[in-house]
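Structure first, commentary second.
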2 protein chains.
Amino acid sequence: MMNIQPQKDANHVCASLVPIFSQLEPKQLCQVSNLVQRRSYSQGEIIALSKDKAEHIYIIHKGQLRFFHESPDGKGQTLYYLRQGDFFTEPGGNHFRKFSPVKAVALEDTQLCLLHKSDLKRILQEQPDVGINILEAILLQLRQIETLVASLSLRNAEQRLAAWLYQRMTHSGTPVPQGIKITVPFSRAEIAELLGTTQETVSRRLSLIWLTSIAR
Amino acid sequence: MMNIQPQKDANHVCASLVPIFSQLEPKQLCQVSNLVQRRSYSQGEIIALSKDKAEHIYIIHKGQLRFFHESPDGKGQTLYYLRQGDFFTEPGGNHFRKFSPVKAVALEDTQLCLLHKSDLKRILQEQPDVGINILEAILLQLRQIETLVASLSLRNAEQRLAAWLYQRMTHSGTPVPQGIKITVPFSRAEIAELLGTTQETVSRRLSLIWLTSIAR
DNA sequence: CGAACATTTGACGGGCTTCAAAAGTCGTGG
DNA sequence: CCACGACTTTTGAAGCCCGTCAAATGTTCG
């Protein structure tokens, strides 16, 4: 808001943060940046993915979003957390009608860049690598959520919790003398909504895992 | 096997069946067709999605596949059924290691067309619409599987079954040029593996739904 | 018919949710 | 520094949905 730097510089930073545009040259990044709209959301704000948004790709320039489903009685199921540099979009046409509504909530103050799909098409023409990048990124999301399906269906709460801890250990654990340290920036309730269970069950199963592991 | 028609004609049919190539002109379709490899699978054959396949896009030229996860004790969870004209692929790099293995089984004798991602990149350059088509198609898969996650987590068996029946009722058969009828086999066991439950539960809940509905 | 398979129905047990209360954690202000 | 309230976490108890095992009934096809 206070930033009155030249438009081009600020925009340049925006697109360069985004992995899917990593193959673009500075000049191209600049072109992209001039195409995007910006939107800001404050912490806690709900971003309903709806009809008018199907025409854009949404890139997270700053902040963090949690995507989730909600049941009529208020229980939530987290699908993913997306951060700076990640992107998301909706299927075009009227396909969105087929599916139950996904919601997103801003966990911090968040800025999104909106790129119209018709503009994306032009970028694809100049730099097909961008298309491959987008494809690969969505495929990762797809595999991740497929794994969640299998997990919910084929494993009990303790197995899901153990698998989740293990995954966090391997991907973001730091080795310490006692073993491997994982910092879990999630409350019991948040873990529960990731794993499709309740806070009480997470608490109980976690205490069992304490017993069989060496240190907490 | 008996078909000894000129290569180009047969290939032409192949690519033209595929929605993601719908914007290509006949000449381009022909070019695409010359790039693809073919593979055949007989009914019941397992197509393990693995490392060496990450470099291709797989297009179903003929037949039907069921994608699923399997637990150590043999219970299965169906992710989707894919048919003629659908496509699938694996994330490149070493990302596949992060996820539990998805398997696919051929429900009929099936032919796949393999298109290398580097070739796809060239096609994208000439016809960026193809990129958009692929994006849209995967987004639909993503939303579909997200809905399954929510369903497994937030609904009980009866609600999942009812929702599935309703969905089949509203847009059951998708009419295809050739008049391919959806003969996806739906025994109680298969419904169970779609909805993440058991045959017995499907049978029981179904009989309850009979009572409250008008006719079977 | 009879065998192989699919579906229904019964009975039981266990994991999980739900409701509820106790114990722990944290920040604020007297 | 401690007390207090708000919140999170733990623990308890009860009940139910659903998975499992098993047997009976229905269906299909040679």
Review point. Judged by atom type as modelled, is there a donor-acceptor pair below 3.5 Å linking the side chain of A/Gln159 to the main-chain atoms of A/Asn156?
Key: yes

Revision key, fill the gap. Between CD of B/Gln159 and P of D/dC18 the distance, given in whole Å, is 9 Å

Review point. How long is the line joining CZ of B/Arg188 and C1' of C/dC5, in whole Å?
Key: 14 Å

Revision key, fill the gap. From CD of A/Glu158 across to P of C/dG14 the rounded distance in Å is 16 Å

**Study point:** Phosphate OP1/OP2 of D/dC18: any B/Thr201 side-chain N/O under 4.0 Å
**Key:** no

Practice item. With the side chain of B/Glu200 defined as its heavy atoms from C-beta on, choose the nearest nucleotide among D/dC21, C/dC16, C/dT7. Key: D/dC21

Review point. Could you give the distance from CH2 (B/Trp164) to CG (B/Leu148), rounded to the nearest 0.5 Å?
Key: 12.5 Å

Review point. Is the closest side-chain heavy-atom distance between A/Leu107 and A/Tyr81 below 4.5 Å?
Key: yes

Check your understanding: Can A/Lys103 and A/Glu70 be counted as an ion pair, charged N to O under 4.0 angstrom?
Key -> yes

Check your understanding: How many Å lie between CG on B/Leu208 and P on C/dG10, as a whole number?
Key -> 12 Å

Check your understanding: Can the ring centroids of B/Phe87 and B/Tyr58 be said to lie less than 6.0 angstrom from one another?
Key -> no

Practice item. Would you mind reading off the distance between A/Leu152 atom CG and C/dC16 atom P, rounded to a whole angstrom? Key: 12 Å

Check your understanding: Expressed in angstrom and rounded to an integer, what is the separation of B/Lys75 atom NZ from D/dT20 atom C1'?
Key -> 11 Å

Review point. A/Thr198 side chain N/O closer than 4.0 Å to the phosphate oxygens (OP1, OP2) of C/dT17?
Key: yes

Exercise for review: Counting heavy atoms from C-beta on, name the nucleotide in C/dA11, D/dT9, D/dG12 closest to the side chain of A/Arg204.
Suggested key: D/dG12

**Study point:** Side-chain-base donor-acceptor pair under 3.5 Å for A/Arg205 and D/dT10
**Key:** no

**Study point:** Between C/dG15 (C1') and A/Arg155 (CZ): distance, integer Å
**Key:** 17 Å

**Study point:** Nucleotide of C/dT8, D/dC17, D/dT9 approaching A/Ser203 most closely (side-chain heavy atoms)
**Key:** D/dT9

Review point. Quick one: is C/dC16 close enough that its OP1 or OP2 comes under 4.0 Å of any side-chain N or O from A/Thr197?
Key: no

Revision key, fill the gap. Checking D/dT9, C/dC16, D/dC18 against the side chain of B/Asn156 (C-beta onward), the nearest is D/dC18

Review point. Roughly how many Å is it from CG in A/Leu161 to P in D/dT9, rounded to a whole number?
Key: 13 Å

